[in-house]
Amino acid sequence: METELVRMDREQADPQALERAGRIIRSGGLVVFPTETVYGLGGDALNPDSSRKIYAAKGRPSDNPLIVHIADMGDLPRIVKRIPQEAYLLAKRYWPGPLTMIFEKADSVPPQTTGGLDTVAVRMPSDPIARALIAASGGYIAAPSANRSGRPSPTLARYVVEDMDGRVDMIIDAGQALIGLESTIVDLTEGKPVILRPGYITEEMLREVLGSVEVDGAVNGADSSQPPRAPGMKYRHYAPKGRLFIVEGQADRAVPYINDYLARERAEGKKTGVIATDETAGRYRAGSIKSVGRRSDPEQIAREIFRILREFDDEGTEVICAEGFGESGLGAAIMNRLLRAAGHQVIRLS
Ligand code: AMP
Ligand code: MG
C-alpha cells in the first residue's frame, strides 16, 4: 500500500488534510497521528476490521487491547456501561491529557478492539491535531503506539516511517512528541482505582484527586505470579536490538563500573554504548555515549529516552549500559520503560 506522508504544524493544523485523514478512518483505513505522548496508529474503534488491521500493521498479539481515543466527554457514554464518580473527577483535572481510564465496555465496542476483554481503555488526548482528527473520524479512534510490536514507541515521525511505511494509508508528521512516554493507565472497574501503567500523570497526581490509589503488583515485577491486568505489560517491549542493562547506584561507583564492564566488551570486539546524563556523560571513556538530559529535569529524560534507544539501533550498538533514574514522580514511568526495555536486567551497586 502507498503511504501518504503529510507534514503538519501543531499550531496550524491543515483542515483539508485532516478531513482526508478522517475519511480514511471512517472508511476503515489507518492513519498515524501525533499525540502529546507518542505517535498513535489510528483506526475506527467501533469497526472490528479496523482493529484487525491495526494488529496486523503492528505485528501485535491480538489479546493486547487497544486504547480508544475520544475528543469530547459527551462521547464517553456511548462506549462505556457506567461512568464511576472517580472518572468524572479525574477527567475534570487531567483530560484532555496523558491519562487512560479503564471502564466496563458498552456493546458498541467490538471485542476485536478490546482484545476480547469486557472492559475498554479510554483516553482524551490534548494534542490539537489528534483532537481534530478524532472529531473528523466520527469520534472514536483506536490507537496503540505506532511502532512495530516490541520496538520503542515512536516520538518522531521518522521512526514511524521506519516501522509503518507501506502498512498504513497516511502518516501525519508534527515533529517531536512533547511528553515522549505513553499515557498513565488507571483501572476504575474494580472499586479501588489501580495504576496499571505508570506515565506522565504520576501516582502523586492521581492521589491528589482520588485520595488513594494502588499500583498493580505486576507493574515493575520481572516475573510475577499473577498476570498483569494490562495485558500489554506482559510483553517484552521497547527493546533495542543490542543487549541493554541498567546499573543502579551512586555515580561515583556506577560510572567506573560501567567503564570497566564496557571496556571488557570492547576488548572482545563489541560495539558499546551508555545511556548517561548531562552530569555524568563526560566521565565515560569510549563507545557511543548518549545523554538523556539533566537528572534534575525528568521531563526531558521522558522525552528523549525512546529516541535514544532507537539511535543505538541505528548505530548497531551491541551492548548498552543505562544509569538508573529513581522511582519517584515521573522517574517511576521512566524506570518502568527502561526496565522493560532491559528485560529487567539490573545491577544494583550498594
Ligand atoms: P499502547 O496502545 O501501545 O500504549 O498499549 C496500550 C496498553 O493499554 C497496553 O498495555 C494494554 O494492555 C492496555 N490496555 C488497553 N485496554 C485495556 C483494558 N481494557 N484493560 C487493561 N489494560 C488495557
Ligand atoms: Mg505501545
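Just so it is clear, the structure is predicted and the values come from calculations on it, not from any experiment. Both ligands and their constituent atoms are indexed starting at 1 by order of listing.
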- Task: Classify the side-chain pair T189/E104 by whether it contains a donor and acceptor separated by less than 3.5 Å.
- Result: no

- Between Y238 and F306, what is the ring plane arrangement, given parallel below 30°, perpendicular above 60°, and tilted in between? tilted

- Query: Any side-chain donor-acceptor pair under 3.5 Å between R266 and T272?
  - Reply: yes

- Message: Yes or no: does L117 have any heavy atom under 4.0 Å from an atom of ligand 1?
- Response: yes

- Under 3.5 Å between some N or O of ligand 1 and some N or O of E182? no

- Item | Closest contact, heavy atoms only, I301 versus R294 | CD1-O, 3.6 Å

- Query: By number and element, which atoms of ligand 1 are closer than 4.0 Å to a non-hydrogen atom of L196?
  - Reply: 21 (C)

- Message: Heavy-atom pairs closer than 4.0 Å: do any link ligand 1 to the side chain of R60, the backbone, both, or neither?
- Response: side chain

- Task: Would you mind finding which of D216, T119, I67 brings a heavy atom closest to atom 19 (N) of ligand 1?
- Result: T119

- Compare all side-chain heavy atoms of R197 with those of V219 and state whether any distance is below 4.5 angstrom. no

- Message: Taking backbone and side chain together, does N147 place any N/O/S atom at a distance below 2.8 Å from the Mg ion (ligand 2)?
- Response: no

- Message: As an exercise, identify every atom of ligand 1 less than 4.0 angstrom from a heavy atom of N64.
- Response: 9 (C), 11 (C), 12 (O)

- Query: Do L18 and I129 have side-chain heavy atoms sitting under 4.5 Å apart?
  - Reply: yes

- Query: Within 45 degrees of the axis of the six-membered ring of F103 and under 6.0 Å from its centre: does K81 put its NZ or CZ there?
  - Reply: no

- Item | Contact atoms of ligand 1, heavy-atom distance to I185 under 4.0 Å | 7 (C), 8 (O), 13 (C)

- K105 near ligand 1 by a heavy-atom separation under 4.0 Å: no

